[in-house]
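As structure tokens, the structure follows; a few thoughts come after it.
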Amino acid sequence: MIIDSVSSIFGQIKVPGDKSISHRAVMFGALAKGTTVIENFLESADCLSTIRCFSNLGISVENDPQKGHVLVHGNGLNGLHAPANSLDVGNSGTTMRLIAGILCGQPFDSILTGDASIVRRPMNRIIQPLTQMGGNINSQLENGCAPLLIKKTNSSLHGICYHSPVASAQVKSCILLAGMYAEGKTSVIEPYISRNHTELMLRQFGAEITCENTTVTITPNPILTACKIQVPGDISSAAYFIAAAAILPNSELVIEEVGVNPTRDGILKVCEKMGVNYQLEEVNQEGGEVFCNIRVHSSKMHGCVIEGEMIPTLIDELPVIAVMACFAEGETIIRDAKELKVKESNRIDAVVNFLSEMGADISATEDGMKIVGGSSLHGITMQSQKDHRIAMSAAVAGLAAKGSTNILDADCVTISYPSFFQDLSRLCH
Ligand code: S3P
């Protein structure tokens, strides 16, 4: 994909549905009684992997993109069937980690596998707590990674109180989902609050979940009842447009119906810190999820420090925040973000490599990066490493760089945002 420099970005855009919420709507719909209707479901490779896995577990899912909604015909908490083959999650960490929690509570064996990236990502973070709960789950190659072998156990799982060493919604959700099949309550305590879509949506389906500070507790054996899920626009996809509008001169964008759940809105807090001129308009709420339109103008930005409890609220946006920091005055420091190393690629190395090659003053640190804004960027040929968020961040940098930027393996954007490049080119001038 060739990205040429543009002078501004202008207009209105409705980004596709939220990836985290789309995954969960299919999963919880599958475990509920009745038909769950998902509006604005994200038709991307990752979410289609979740549908495929549940189809292989005997759940009927009607996905007709023409009709604009997905129907999940749930079979109840104990209504999944043994899959005929290994379950393939593709590139999707959310699919693998959340389904693992569900599968540990099933009376059948299963194998979870996926693509070259997912089989390198750490799974001990779920293997350990699930084992503590009495689950029988192992890394097939004994390297702490997928493929994961999950075996049925003679006795049911038991609830635990788990102190998670990482603030990860995938780990938290995995344990809570296993907790639905356990005897006794299950609690997860996180170092910082991670995205809470599981808590909000499971409650909508009828589960009993309490949250106190960074502790979430689930009562087992809930009766989940089908419902209608309205998926808001994905703030992680909106982030590329927010960044492009802030960076490029004479720009103004309205990004419509974006989910701004406070456990996800760190990018907006960073915009505030950096002096980005933006407004939230038409704020609404459905199913506990807040959404609104975001209006962004070209801005004179300054650097800032991004750390601590903010990190889980913007973890997926850090690559594009690094791009914004290249166009801000002064220094931006990102710390406490080691998790970036174990995403779809090592996102600290990936970002530092392509931005420094483009001429930015950026260096990797042990748990983040340091960027000094103000150097002018030039186009390069870069390898996305098949990481969708790296490809889209490079595209934003490319719009503001001199010359052309060639993104290799750019089709990886299908993971979260299949029409990204078309949408971007429509708005650029
Ligand atoms: C996600 C949680 C985050 C995020 C990922 C989606 C989720 O991962 O990076 O893209 O849907 O729960 P971690 O929980 O591993 O931080």
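- Rounded to the nearest 0.5 angstrom, M180 CE and L157 CG are separated by 11.5 Å.
- Inspection of the R335 and T365 side chains reveals no N or O donor paired with an N or O acceptor under 3.5 Å.
- In terms of heavy atoms, R389 sits closest to S236 at NH1-CB, 3.7 Å.
- Summarising the geometry, atom CD1 belonging to I267 is positioned 12.0 Å from atom CD belonging to E272; distances are rounded to the nearest 0.5 Å.
- Interatomic distance, K386 NZ to D411 CG, rounded to the nearest 0.5 Å: 8.5 Å.
- Rounding to the nearest 0.5 angstrom, the gap separating the OG1 atom in T217 from the CD atom in E199 is 10.5 Å.
- A distance of 9.0 Å separates CD1 in I137 from CG in L149, rounded to the nearest 0.5 Å.
- Across T414, I118, D46, D387, a single residue satisfies side chain to side chain contact (heavy atoms under 4.5 Å, CB included) together with N91, and that is D46.
- Defined by atom type and a distance below 3.5 Å, a donor-acceptor pair is present between the side-chain atoms of S416 and H388.
- Counted by atom type alone, E344 and S117 present zero donor-acceptor pairs between their side chains at under 3.5 Å.
- Panel note: side chain S384, backbone D409; a donor-acceptor pair is recorded below 3.5 Å.
- Using a 4.5 Å cut-off on side-chain heavy atoms (C-beta onward), T215 and T210 make no contact.
- E208 is not listed as a side-chain neighbour of I218, based on a closest heavy-atom distance of 4.5 Å or more.
- A donor atom on one side chain and an acceptor atom on the other are found under 3.5 Å apart for S404 and D4.
- Shown are E289, H23, R24; of these, the side chain to side chain donor-acceptor pair (under 3.5 Å) with H197 is made only by E289.
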